[in-house]
There are 2 protein chains.
Amino acid sequence: MSKDSPATVKQRRNSDQVTLSQVAQAAGVSPITASRALNHPDKVSENARRNVLEAVERLGYVPNLVAGSLASSRSRLIAVIVPSLINTVFVEVIKGLQETLEAEGYQILLGNTDYDLDREYQLVRTFFGWSCSALVTAGLRHNQACHTLLANWDHPIMEVMELGKGMDLNVGLDHVAAGRCMASHLIDRGYRHIVYVGARLTQDYRAGMRYEGHREVLQAQGIEAPLVELDTLGSLQAGAESLTQVLAQHPHTQAIHFANDDLAAGALLAAQRQGLSVPGDIAIAGFNGLPLGQHVTPQLTTILSPREEMGRLAAKELIRRLSGKNVYRRQHDVGFTLQTGGST
Amino acid sequence: MSKDSPATVKQRRNSDQVTLSQVAQAAGVSPITASRALNHPDKVSENARRNVLEAVERLGYVPNLVAGSLASSRSRLIAVIVPSLINTVFVEVIKGLQETLEAEGYQILLGNTDYDLDREYQLVRTFFGWSCSALVTAGLRHNQACHTLLANWDHPIMEVMELGKGMDLNVGLDHVAAGRCMASHLIDRGYRHIVYVGARLTQDYRAGMRYEGHREVLQAQGIEAPLVELDTLGSLQAGAESLTQVLAQHPHTQAIHFANDDLAAGALLAAQRQGLSVPGDIAIAGFNGLPLGQHVTPQLTTILSPREEMGRLAAKELIRRLSGKNVYRRQHDVGFTLQTGGST
DNA sequence: CGCTATCATGATAGCGCTACCATTCCTTTT
DNA sequence: AAAAGGAATGGTAGCGCTATCATGATAGCG
């Protein structure tokens with residue numbers, strides 16, 4: 001018996017989902033015209049467009065973006081990879097990205113590495129599998145495999161948070177300079193026994209870069225630059241606890257330069273509870289310019305980093321690139337601002 | 001001339017992307033066996049599996065998830081829709097979701113409504129287009145169109161944050177009860193002139209629910225329950241500013257029940273700056289149990305809501321459902337805890 | 001030993017959409 | 001008037017993968 005008797009035709013469509021072909025039929029046009037009416041409205045007659053849109057509405061058509069992406073190998077998905085969601089700075093960058101990208105019809109695929117570069121590599125692989133239109137990642141450091149993968153990818157890559165020569169596009173600030181800036185400020189104020197306190201500097205290596213800048217300035221003055229590295233992630237709690245530790249290890253400390261505002265504010269509030277005067281007994285400085293720092297007494301001296309702005313700018317530059325425009329500058333310095341409060 | 005002379009064969013593959021067929025060829029098996037080796041490892045011989053995995057490694061194959069999703073109409077994408085990313089409570093829920101879902105190989109598609117239900121509807125439509133495996137959304141309220149869309153969707157829907165009868169699954173807490181709880185606490189402490197302060201209660205309607213509970217308790221005692229509604233979103237700044245406003249409008253105020261800890265902490269810190277004693281001159285209570293509240297002096301009385309736990313539990317329940325297990329309980333109450341500090 | 005049950009594998013046919021090329025019917029140009 | 005260009009539309013053939021069914025090989029059974 002020959003095999004060309006398909007008694008039962010293969011039947012795969014499971015759902016009652018409305019397809020573009022059905023819309024096209026209802027609108028009296030071909031599927032491809034319906035597709036164009038939705039995706040390139042200027043390429044069809046007004047008449048066709050109106051009929052298609054009307055049919056879409058009437059049938060409750062929801063475009064199958066998966067099929068569209070497969071056919072066009074463009075997805076309007078943007079992969080965003082951050083090392084942490086607890087740290088609010090990344091969330092603020094995401095927010096800036098989000099609002100700008102969503103307005104242009106892009107969707108965010110969110111990944112969290114927990115400061116693990118191998119995890120980043122895995123996420124990048126997965127996201128590539130989604131034919132993402134672009135990738136945003138926090139930081140310029142990647143492991144070897146990830147670097148290779150990124151280098152061979154033919155879509156825009158945006159590295160944010162720190163300024164430097166990256167894979168492709170870059171929006172960030174100079175953390176070494178920020179560290180120098182705060183250290184200079186502390187020197188100017190007359191402090192000489194200054195401790196830098198950071199949390200997990202191998203993970204939050206940008207805080208490590210700020211320490212480099214800090215140390216540079218102190219050493220240029222012939223001053224030592226002791227470092228206290230905490231084993232927990234930065235938090236109010238960790239900051240509060242670190243105060244005791246620092247004063248025990250370095251009894252002559254006049255000022256503490258904290259890696260971020262959470263630590264600094266935690267220490268400041270703890271100092272108050274312990275009856276220590278800030279900055280009389282101990283001066284405290286932070287980094288980020290979180291609102292909290294403005295509401296404690298004395299106000300926290302800190303460095304304001306434009307985080308949402310960084311996200312928005314990164315998104316705008318990506319959109320420029322994705323819409324085929326030439327990109328003249330690949331690096332964008334968003335800068336930072338020293339905000340002196342009463343705490344130093 | 002007949003049309004069957006395809007001089008130039010249509011050529012669409014643009015990239016040099018390695019495909020599953022190439023892997024299969026390299027491994028000496030058919031494409032479908034290669035597919036099974038990767039997705040259902042227990043359905044192929046150990047020999048085949050080893051060869052395929054080796055070929056994957058050697059060729060640097062990255063699965064095209066878009067094609068896979070189209071073919072299987074399953075995507076391992078989970079849509080997560082929140083009203084805000086500024087408000088840290090949602091971020092913490094996302095974090096709980098994220099860590100649990102990623103561990104199971106699901107990816108998060110993130111959407112932000114900015115407290116706009118029409119925006120939510122648009123996001124839901126878009127996400128459905130991605131054949132998401134499930135949808136997580138904050139809150140039980142949707143507009144009519146969105147409700148219809150959700151009701152007809154044949155994948156799990158998880159509504160988080162507030163407890164109640166939702167579309168499908170639900171993990172949250174009872175905000176009315178939380179409002180009652182704090183109000184009772186304030187009554188117990190002897191306060192009678194109590195003002196509730198919230199920010200944009202039509203948007204943050206859960207804060208409105210807490211006010212309902214609050215009012216219920218006060219009215220049962222024959223006490224009025226004045227409400228001050230701010231026009232900005234909750235923040236330290238708004239809390240600080242509200243203090244003056246409340247005292248001007250209600251000079252006899254003994255206690256302020258704030259809709260959240262940001263407002264409360266802002267007011268508490270502002271009171272200190274103004275030389276007001278807390279709780280002597282004015283008692284202050286919040287909601288959420290943010291770390292900040294534990295570090296101010298006096299410690300903030302608040303209600304602790306298990307936000308990350310809420311995210312984790314929601315994720316676990318979704319995974320149960322997605323792996324075909326029976327779900328016996330659709331509603332999960334994560335509860336809350338009154339945390340009394342010195343501020344009341 | 002024949003019969004069914006189980007396993008490993010493969011051939012085929014889509015999933016729903018869009019890129020590509022071809023066609024038709026105008027309008028413009030020289 | 002003929003040639004050239006442009007706008008609107010459609011036919012065809014995939015995008016890269018997996019569901020479905022079919023097949024052959026092996027095992028289990030009385």
Side-chain angles (χ1 to χ4, degrees), chain A residues 1-25 27-49 51-52 61-76 128-131, chain B residues 1 3-25 27-52 61-76 128-131:
Chain A
M1 192 172 178
S2 73
K3 49 166 66 178
D4 49 4
S5 63
T8 27
V9 172
K10 281 196 194 178
Q11 182 63 22
R12 197 101 89 72
R13 293 201 70 248
N14 43 355
S15 70
D16 46 0
Q17 199 197 356
V18 180
T19 70
L20 188 59
S21 295
Q22 292 171 31
V23 170
Q25 194 166 16
V29 298
S30 74
I32 187 69
T33 300
S35 167
R36 278 194 276 251
L38 295 175
N39 299 315
H40 310 281
D42 52 319
K43 290 198 184 286
V44 297
S45 66
E46 194 188 318
N47 195 26
R49 195 183 327 141
N51 286 338
V52 170
Y61 170 67
V62 177
N64 185 327
L65 300 173
V66 178
S69 299
L70 179 59
S72 66
S73 47
R74 285 179 290 96
S75 72
R76 294 190 90 77
F128 280 9
W130 281 108
S131 323
Chain B
M1 191 172 178
K3 48 164 67 175
D4 49 4
S5 62
T8 25
V9 172
K10 280 195 195 178
Q11 183 64 20
R12 196 102 87 73
R13 295 200 70 247
N14 41 356
S15 70
D16 46 0
Q17 197 196 358
V18 180
T19 71
L20 187 58
S21 295
Q22 293 171 31
V23 170
Q25 195 165 17
V29 297
S30 73
I32 187 69
T33 300
S35 166
R36 278 194 278 250
L38 294 175
N39 299 316
H40 310 280
D42 52 319
K43 290 198 185 285
V44 298
S45 66
E46 194 187 319
N47 194 27
R49 195 184 327 143
R50 195 163 21 79
N51 286 338
V52 169
Y61 169 69
V62 177
N64 185 327
L65 301 174
V66 179
S69 300
L70 179 59
S72 66
S73 47
R74 286 179 289 97
S75 70
R76 294 189 89 77
F128 281 8
W130 281 109
S131 323

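Values below: all heavy atoms of this structure, side chains included; hydrogens, waters and symmetry mates excluded. Computed from a prediction, not measured in an experiment: that's the story for all the values here.
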So, is [X] near the phosphate of [N], with a side-chain N or O under 4.0 Å from OP1 or OP2?
| X | N | value |
| --- | --- | --- |
| Y61(B) | dG16(D) | no |
| S72(B) | dT18(D) | no |
| R74(A) | dA19(C) | yes |
| S73(A) | dC15(D) | no |
| S30(B) | dT9(C) | no |

Between [atom2] on [N] and [atom1] on [X], what's the gap in Å once rounded to a whole number?
| X | N | atom1 | atom2 | answer |
| --- | --- | --- | --- | --- |
| N51(A) | dA8(D) | CG | P | 15 Å |
| N64(A) | dG14(C) | CG | C1' | 14 Å |
| I32(B) | dA22(D) | CD1 | P | 16 Å |
| L20(B) | dT18(D) | CG | P | 6 Å |

| note | Residue set satisfying ring pair (Phe, Tyr, Trp, His ring centres under 6.0 Å) with Y61(B), at least two apart, ordered chain then number -> none
| note | So, with a heavy-atom separation below 4.0 Å from DNA chain D, the residues of residues 36-49 of chain A are R36(A), V44(A), S45(A), A48(A)
| query | Measuring from L65(B):CG to L70(A):CG, what's the distance to the nearest 0.5 Å? | reply | 11.5 Å
| query | Looking only at heavy atoms, what is the nearest atom pair of G129(B) and V62(A), with distance? | reply | N-CG1, 4.0 Å
| remark: D42(B) meets the side chain to side chain contact (heavy atoms under 4.5 Å, CB included) criterion, sequence neighbours left out, with H40(B)
| request: Take S69(A) and W130(B) through the test side-chain contact (heavy atoms from CB on, under 4.5 Å) and record every step on the way to the result. | output: CA-CA 10 Å; S69(A) 299; W130(B) 281 109; 3.2 Å; yes
| query | Between A67(B) and G28(B), which is nearer to the 5' end of DNA chain C once each is assigned its nearest nucleotide? | reply | G28(B)
| query | V23(B) and V18(B): side-chain contact (heavy atoms from CB on, under 4.5 Å), yes or no, with the steps? | reply | CA-CA 8 Å; V23(B) 170; V18(B) 180; 4.2 Å; yes
Could you go through residues 28-39 of chain B and list every donor-acceptor pair under 3.5 Å that involves a side-chain atom there, pairing it with any protein atom two or more places apart or in another chain?
residue, atom, partner, partner atom, Å
S30(B), OG, T33(B), N, 3.4
S30(B), OG, T33(B), OG1, 3.2
N39(B), ND2, S35(B), O, 3.3

| task | Just do the side-chain contact (heavy atoms from CB on, under 4.5 Å) check on N64(B) and T19(B) with the steps written out, would you? | result | CA-CA 8 Å; N64(B) 185 327; T19(B) 71; over 6 Å; no
| request: Measure from the side-chain heavy atoms of T19(B) and tell me the nearest of dC17(C), dG11(D), dG16(D). | output: dG16(D)
| request: Tell me, please, which residues at least two apart from R74(B) pass side-chain hydrogen bond (donor to acceptor under 3.5 Å, both in side chains). | output: none
| query | In dot-bracket notation, what is the pairing pattern of DNA chain D, taking Watson-Crick (N1-N3 plus N6-O4 or O6-N4) and G-U wobble (N1-O2 and O6-N3) contacts under 3.5 Å, with [ ] crossing and | for other strands? | reply | ||||||||||||||||||||||||||||||
| query | So what does V66(A) hit on the nucleic acid, given a heavy-atom distance under 4.0 Å: a base, only sugar-phosphate, or nothing? | reply | nothing
